[in-house]
K.L.:
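Starting off with a structure, shown below.
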Protein chains: 2
Amino acid sequence: MHLSTRGHYGLLAMFDLAEHYGAGPIPLKTVAERQNISDNYLEQLIAVLRKAGLVRSVRGAQGGYILAREPGSITVGEIIRAMEGPIAPVECVSEVEPTECDQADFCITRLVWTKVRDKLAEVMDSISLGDMLRDAERLSAARKA
Amino acid sequence: MHLSTRGHYGLLAMFDLAEHYGAGPIPLKTVAERQNISDNYLEQLIAVLRKAGLVRSVRGAQGGYILAREPGSITVGEIIRAMEGPIAPVECVSEVEPTECDQADFCITRLVWTKVRDKLAEVMDSISLGDMLRDAERLSAARKA
DNA sequence: ACAAATTCCGAGCGGAATGCTAAGATATTT
DNA sequence: AAATATCTTAGCATTCCGCTCGGAATTTGT
């Protein structure tokens, strides 16, 4: 049950952009440095996020990346699906194009994986970048107190 | 968010043993054939389950494998942990020995992964092989009707 | 016009994990 | 003994992961 660094870094980068939402385009190098990720590598990852329509890019000097939508309307689930593909503990219960299996009708383990998948999707879809920003505020407030 | 075949096959094998619980030791070859898994490969996988104390083995002719406990007392979570290691979408929130991270205290994504991990564990721990047997009965009853 | 800053794109690559196969050693039953 | 199983280890092809690198294209500022 492991995520690859794609999803891990992808969420870090998106959250970083969320924290600076409204401040114009953020160069990738800045994000990479703040999140301690190789910027060469992050470049490839953000390309995926862009193609998925989750970030907008501005080329040239003073350019960078901006969230395509408000932080509150982008969920962790969307980001993870973009980076890691459809949610599916095993392929035969993939959210899209589950692989055929002639025993699917009476496969009990399949029921299990379906439940797992649904819970997974439920948690991830229920958390937005906006929620995370609020958590961050609460945390830093508690820290000061 | 993919399981390897280890967890997948592991659960299939355990469920097969559950379906024949009480009928004495089941040879691995039989399980492999019924579940359509390479028996050479399954041999390695079941060794892990045995070391985890989830199945007992009987060597020699007429030997095979038996669940170490009642189906109702063995959960999917146990099986998956045995086969795939501690549940953890990312390492820094692993159930055991989470890797150190100097930013752990104010890492918001970490909170997300913790929630994901907990939900994952919750579903898997809430389903036992006994539950699956009941589902199987219900399904075959519905099929006959 | 030119230089600097940036995104964009694709090639390549070492290492690790995955999913097996295979072969033999060991134990038990008949 | 012979047959039936588990047990153990080695190996191996393929794929994926997590990068690095080089350079082209685009925009801004001087």
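Proteins come first, then strands; the chains are lettered A, B, ... in the order of their sequence lines, and each starts at number 1.
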K.L.:
Between A:G60 and A:L3, which has a closest nucleotide on DNA chain D that is more 5'?
P.N.:
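Between the two, 5'-proximity favours A:L3.
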
K.L.:
Whole-Å distance between D:dT6 P and B:D39 CG?
P.N.:
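In whole Å, D:dT6 P lies 9 Å from B:D39 CG.
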
K.L.:
Does a nitrogen or oxygen in the side chain of B:T5 sit under 4.0 Å from OP1 or OP2 of C:dG19?
P.N.:
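Answer yes for this pair, as a side-chain N or O of B:T5 is under 4.0 Å from OP1 or OP2.
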
K.L.:
If you pin A:V58 and B:Y41 to their nearest nucleotides in DNA chain C, which one's is more 5'?
P.N.:
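So the residue in question is A:V58.
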
K.L.:
Counting side-chain heavy atoms from C-beta on, which of C:dA4, D:dT4, D:dG29 comes nearest to B:A61?
P.N.:
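Between C:dA4, D:dT4, D:dG29, the one nearest the side chain of B:A61 would be D:dT4.
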
K.L.:
Ignoring backbone atoms, test whether B:R50 places a side-chain nitrogen or oxygen under 4.0 Å from the OP1 or OP2 oxygen of D:dC7.
P.N.:
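Affirmative; the distance criterion is met.
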
K.L.:
Distance check needed: C:dT28 P versus B:Y65 OH, whole Å only.
P.N.:
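So the two atoms are 13 Å apart, to the nearest Å.
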
K.L.:
Need one value for A:I46: base, sugar-phosphate or nothing, where a base atom within 4.0 Å counts as base even if backbone is also close, heavy atoms only.
P.N.:
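The residue A:I46 makes no contact with any strand.
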
K.L.:
If I take atom NE2 in residue B:H2 and atom P in nucleotide D:dC17, what distance separates them, rounded to the nearest angstrom?
P.N.:
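These atoms are roughly 11 Å apart.
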
K.L.:
Mark yes when over 12 heavy atoms from residues, nucleotides or ligands other than B:E91 sit less than 6.0 Å from its CD; otherwise mark no.
P.N.:
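No, CD of B:E91 has 12 or fewer neighbouring heavy atoms, counting only those of other groups under 6.0 Å.
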
K.L.:
Please determine if a side-chain N or O atom of B:S38 lies less than 4.0 Å away from the OP1 or OP2 oxygen of C:dT21.
P.N.:
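Yes, within the criterion.
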
K.L.:
Looking only at side-chain N and O atoms, does B:Y41 offer a donor or acceptor that is under 3.5 Å from a partner on B:T5?
P.N.:
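Side-chain D/A pair, B:T5 to B:Y41: present.
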
K.L.:
Under 4.0 Å from OP1 or OP2 of D:dC17: is there any side-chain N or O of A:R6 that close?
P.N.:
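Yes, such a contact exists.
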
K.L.:
Side chain of A:N40: nearest nucleotide among D:dC21, C:dA22, C:dG19?
P.N.:
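Of the options given, the side chain of A:N40 lies nearest D:dC21.
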
K.L.:
For DNA chain C, whose closest nucleotide is more 5', that of B:Q44 or that of B:E84?
P.N.:
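Final value for this comparison: B:E84.
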
K.L.:
Under the criterion side chain to side chain contact (heavy atoms under 4.5 Å, CB included), which of B:L49, B:I26, B:L17 is the partner of B:Y65?
P.N.:
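Answer after filtering B:L49, B:I26, B:L17: B:L17.
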
K.L.:
Rounded to the nearest Å, what distance is computed from the CZ atom of residue B:R56 to the C1' atom of nucleotide C:dT28?
P.N.:
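Rounding to the nearest Å, CZ of B:R56 and C1' of C:dT28 are 15 Å apart.
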
K.L.:
Taking side chain as C-beta onward, heavy atoms only, is B:V55 less than 4.5 Å from B:I46?
P.N.:
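Of all side-chain heavy-atom pairs linking B:I46 with B:V55, at least one is under 4.5 Å.
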
K.L.:
For A:M83 and D:dC16, give me the distance from atom CE to atom C1', rounded to whole Å.
P.N.:
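It works out to 15 Å between those atoms.
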
K.L.:
Taking NZ from A:K29 and P from C:dA5, how many angstroms apart are they, rounded to a whole number?
P.N.:
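It is 9 Å, rounded to the nearest whole Å.
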
K.L.:
Side chain of A:E43, heavy atoms from C-beta onward: which of D:dT6, C:dC8, C:dT29 has the nearest atom to it?
P.N.:
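Of the candidates, C:dC8 comes closest.
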
K.L.:
B:V76 and side chain to side chain contact (heavy atoms under 4.5 Å, CB included): which partner among B:D125, B:L129, B:L11?
P.N.:
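When B:D125, B:L129, B:L11 are each tested with B:V76, the side chain to side chain contact (heavy atoms under 4.5 Å, CB included) holds only for B:L11.
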
K.L.:
Separation of A:E91 atom CD from D:dC16 atom P, in whole Å?
P.N.:
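After rounding, the gap between these two atoms is 10 Å.
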
K.L.:
Within the modelled atom types, does a donor on one side and an acceptor on the other bring the side chain of A:R59 and the base of C:dT7 under 3.5 Å apart?
P.N.:
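Side chain to base: pair present.
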
K.L.:
Whole angstroms only, please: what is the CD-P distance between B:E33 and D:dT4?
P.N.:
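One finds 14 Å between P of D:dT4 and CD of B:E33, rounded.
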
K.L.:
For a quick test of reading the model: is some side-chain N or O of A:Y9 closer than 4.0 Å to OP1 or OP2 of D:dC17?
P.N.:
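No.
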
K.L.:
Given 3.5 Å as the limit, does a donor-acceptor pair link the side chain of B:T75 with the main chain of B:E78, or not?
P.N.:
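Such a contact is found between B:T75 side chain and B:E78 backbone.
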
